[in-house]
There are 2 protein chains.
Amino acid sequence: MAPGWEAIRAEVMNRIRSRVWPPGGLIPSEETLAAEFGCARATVNRALTELATAGLLERKRKAGTRVAALPVRKATLDIPVIRAEVTARGQAYSFVLMSRDLTAPPTGVAARLGLASGVPLIHLQTLHLAGGLPQIFEDRWLNPAILPQHEPDFTAISANEWLVANIAFSTGDIAFSAEAASPAEAAALSVSPGAALFITERCTWSAHAPITWVRLAHAPGYRLQTLL
Amino acid sequence: MAPGWEAIRAEVMNRIRSRVWPPGGLIPSEETLAAEFGCARATVNRALTELATAGLLERKRKAGTRVAALPVRKATLDIPVIRAEVTARGQAYSFVLMSRDLTAPPTGVAARLGLASGVPLIHLQTLHLAGGLPQIFEDRWLNPAILPQHEPDFTAISANEWLVANIAFSTGDIAFSAEAASPAEAAALSVSPGAALFITERCTWSAHAPITWVRLAHAPGYRLQTLL
DNA sequence: ATGGCTATTATGTCTATACATAATGGCCGA
DNA sequence: TCGGCCATTATGTATAGACATAATAGCCAT
């Protein structure tokens with residue numbers, strides 16, 4: 001007679017799906033539901049809060065809780081470290097640092113990082129391989145101000161892994177798109193120029209300084225997948 | 001003296017970022033932290049539970065809570081209804097149903113929906129336009145068993161919108177990839193064949209029956225974007 | 001009418017306590 | 001030494017009660 005919060009979440013989801021509580025409709029108050037289910041209000045709250053963060057319910061103080069009219073589905077993606085992604089598939093991971101220099105980035109990159117254009121950044125181009133085959137071409141701009149005195153040896157540890165292990169991260173954004181392979185990318189990934197590549201573009205900041213901008217061009221066949 | 005759970009979450013994040021608690025390291029128990037912060041254990045629990053679902057912490061009974069060694073970042077994407085996405089950009093939305101028939105789907109589609117190949121499904125091809133320009137080419141297979149007696153008029157309401165408004169949904173998955181435009185897609189979106197297109201592929205089931213498989217080919221320039 | 005104040009109400013959060021559950025580590029016996 | 005049982009321990013969940021906060025709805029005075 002005292003269902004757990006997961007049971008309540010399931011029951012509420014049923015009532016939403018079966019339209020006992022129609023989209024946009026107001027559902028009973030936490031107290032009412034607690035009485036109905038025979039549990040404490042906190043338990044109902046736990047369940048409803050979860051469903052609200054999942055986008056199925058909209059809650060407002062005093063106004064009550066209503067079923068979301070347009071259920072904007074939220075999918076959560078895992079953004080793994082490349083090495084982990086490759087080894088999880090049972091393939092051998094390796095990478096090659098193809099170039100490293102210190103120059104001013106394109107204005108687009110500087111702008112997205114919030115830096116004045118003209119400020120020199122470390123530019124790294126890395127090819128990531130899975131089982132010896134090219135998998136991802138990485139184009140990275142890195143703020144030298146966040147590095148220690150002795151710059152890490154990025155031929156030994158990939159910039160990605162060094163950063164996740166050593167740099168405090170606070171915010172960032174990520175974007176996915178499809179683009180035709182540039183000649184450089186085509187050569188690195190051994191595909192024909194113009195091939196459709198899946199692109200991941202990421203930008204990260206620590207509390208005060210920009211850290212890095214990175215663009216990953218995935219070899220054809222790459223799929224980013226998740227459950228709804 | 002009694003910080004809220006959000007304050008505690010922030011403080012814990014600080015200690016993780018500043019490496020007071022290093023990656024892979026064990027952090028103090030809930031009780032210890034509650035004593036330190038001067039609040040109840042439930043409050044600490046609320047904060048740590050959140051950080052665990054966000055992927056920053058790993059918690060195991062008895063073993064305690066440790067900072068995630070490989071912080072698999074989780075990005076949450078909003079999957080909006082196409083109309084909402086377009087009108088949110090201030091553009092006029094419209095769509096054209098280009099074809100509708102009832103045939104057996106390709107084996108790949110049948111397999112992903114968990115149907116025997118040979119079962120006929122409704123096949124809809126729709127072009128979505130934003131401000132009169134082609135935006136998304138939709139290729140959808142729909143299980144007729146889940147439709148009411150009178151099939152909705154999919155020239156008047158898009159299948160997508162009819163489904164979110166009328167069909168109970170339980171599980172599904174979604175995948176993103178990049179593919180070269182097929183001749184049909186190229187013609188519909190008025191791009192050259194072979195152009196790099198961003199592809200969204202979605203599969204949904206209700207409690208017992210498969211609902212639909214849909215593939216969206218986005219016009220060049222499309223970006224799927226989110227905060228980390 | 002209309003503007004602003006106030007009482008009401010549902011959610012948001014916190015506390016203290018209790019018991020459940022999972023996993024570890026050590027004890028004990030074969 | 002090895003295996004299995006059990007106590008310990010940290011998290012997971014539930015409880016009743018309390019106060020905070022936001023937003024509505026109605027009232028009142030202009």
Side-chain angles (χ1 to χ4, degrees), chain A residues 1-16 20-69 71-72 74 76, chain B residues 1-16 20-69 71-72 74 76:
Chain A
M1 288 293 117
W5 69 271
E6 293 191 280
I8 292 181
R9 182 185 59 181
E11 173 58 20
V12 170
M13 279 175 72
N14 275 338
R15 293 190 188 177
I16 293 173
V20 174
W21 295 334
L26 211 54
I27 79 172
S29 77
E30 291 186 350
E31 241 171 329
T32 311
L33 290 175
E36 183 199 328
F37 292 130
C39 67
R41 182 169 80 91
T43 308
V44 174
N45 183 289
R46 175 92 199 261
L48 297 189
T49 300
E50 273 240 342
L51 290 170
T53 65
L56 280 171
L57 293 176
E58 283 166 7
R59 323 193 71 198
K60 272 203 310 213
R61 277 165 165 152
K62 159 74 179 174
T65 302
R66 49 183 65 242
V67 179
V72 173
K74 293 189 180 166
T76 66
Chain B
M1 303 241 173
W5 69 270
E6 293 192 282
I8 293 181
R9 182 184 59 181
E11 173 57 21
V12 170
M13 279 175 73
N14 275 337
R15 293 189 189 179
I16 294 173
V20 174
W21 294 334
L26 212 53
I27 79 172
S29 78
E30 291 186 350
E31 239 169 330
T32 311
L33 289 175
E36 185 199 326
F37 291 129
C39 68
R41 183 170 79 89
T43 309
V44 175
N45 182 289
R46 176 85 146 91
L48 297 189
T49 300
E50 273 240 342
L51 290 171
T53 64
L56 281 172
L57 293 176
E58 283 166 6
R59 323 193 70 198
K60 272 204 310 213
R61 276 163 165 153
K62 158 74 180 174
T65 302
R66 49 184 64 244
V67 179
V72 173
K74 296 191 178 168
T76 65

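Letters A, B, ... are given to chains in the order of the sequence lines, protein chains preceding strands, and every chain is numbered from 1. In this text, all values refer to a predicted model and were calculated from it rather than measured experimentally.
- Of the inter-residue distances, the one linking B/Leu56 atom CG with B/Leu48 atom CG reads 11.0 Å to the nearest 0.5 angstrom.
- With values rounded to the nearest 0.5 angstrom, B/Trp5 atom CH2 is found 11.0 Å from B/Thr43 atom OG1.
- Rounded to an integer number of Å, the gap from A/Arg46 CZ to C/dT11 P is 18 Å.
- Separating the CZ atom of A/Arg41 from the P atom of C/dT11 is a distance of 7 Å, rounded to the nearest angstrom.
- Between A/Met13 atom CE and A/Leu57 atom CG the span is 10.0 Å, to the nearest 0.5 Å.
- Within the 3.5 Å criterion, the main-chain N or O of A/Asn45 finds a donor-acceptor partner in the side chain of A/Thr49.
- Applying the side chain to side chain contact (heavy atoms under 4.5 Å, CB included) criterion to B/Ser29, with sequence neighbours excluded, gives B/Glu31, B/Thr32.
- Of the residues in residues 22-33 of chain B, not one comes within less than 4.0 Å of DNA chain C through any heavy atom.
- Residues from residues 60-67 of chain A placing a heavy atom under 4.0 Å of any atom in DNA chain C, listed by number, are A/Lys60, A/Arg61, A/Lys62, A/Gly64, A/Thr65.
- Closest approach of A/Trp21 to A/Pro28, counting heavy atoms only: CZ2-CD, 3.6 Å.
- Residues passing the side-chain hydrogen bond (donor to acceptor under 3.5 Å, both in side chains) test with A/Thr65 are A/Arg59, sequence neighbours excluded.
- Here chain A contacts DNA chain D (any atom closer than 4.0 Å to a heavy atom, that is under 4.0 Å), and the contacts span D/dT13 to D/dT24 from 5' to 3'.
- Between A/Arg15 and A/Glu36 there is a salt bridge, since a side-chain N of the basic residue sits under 4.0 Å from a carboxylate O of the acidic one.
- The distance between atom CZ of B/Arg59 and atom P of C/dA23, rounded to the nearest whole Å, is 14 Å.
- Between the C1' atom of C/dC14 and the CZ atom of B/Phe37 lies a distance of 16 Å, rounded to the nearest Å.
- Contacts of A/Arg66 classified as salt bridge (Lys or Arg N to Asp or Glu O under 4.0 Å), with partners at least two apart in sequence or in another chain: none.
- Looking at which nucleotide of DNA chain C each of A/Leu48 and A/Ala42 is closest to, the 5′-most match is held by A/Leu48.
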- Message: Run A/Val20 and A/Asn14 through side chain to side chain contact (heavy atoms under 4.5 Å, CB included) and show every step you take.
- Response: CA-CA 8 Å; A/Val20 174; A/Asn14 275 338; over 6 Å; no
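- Side-chain contact between B/Val44 and B/Cys39 is present, with heavy atoms from C-beta onward closer than 4.5 Å.
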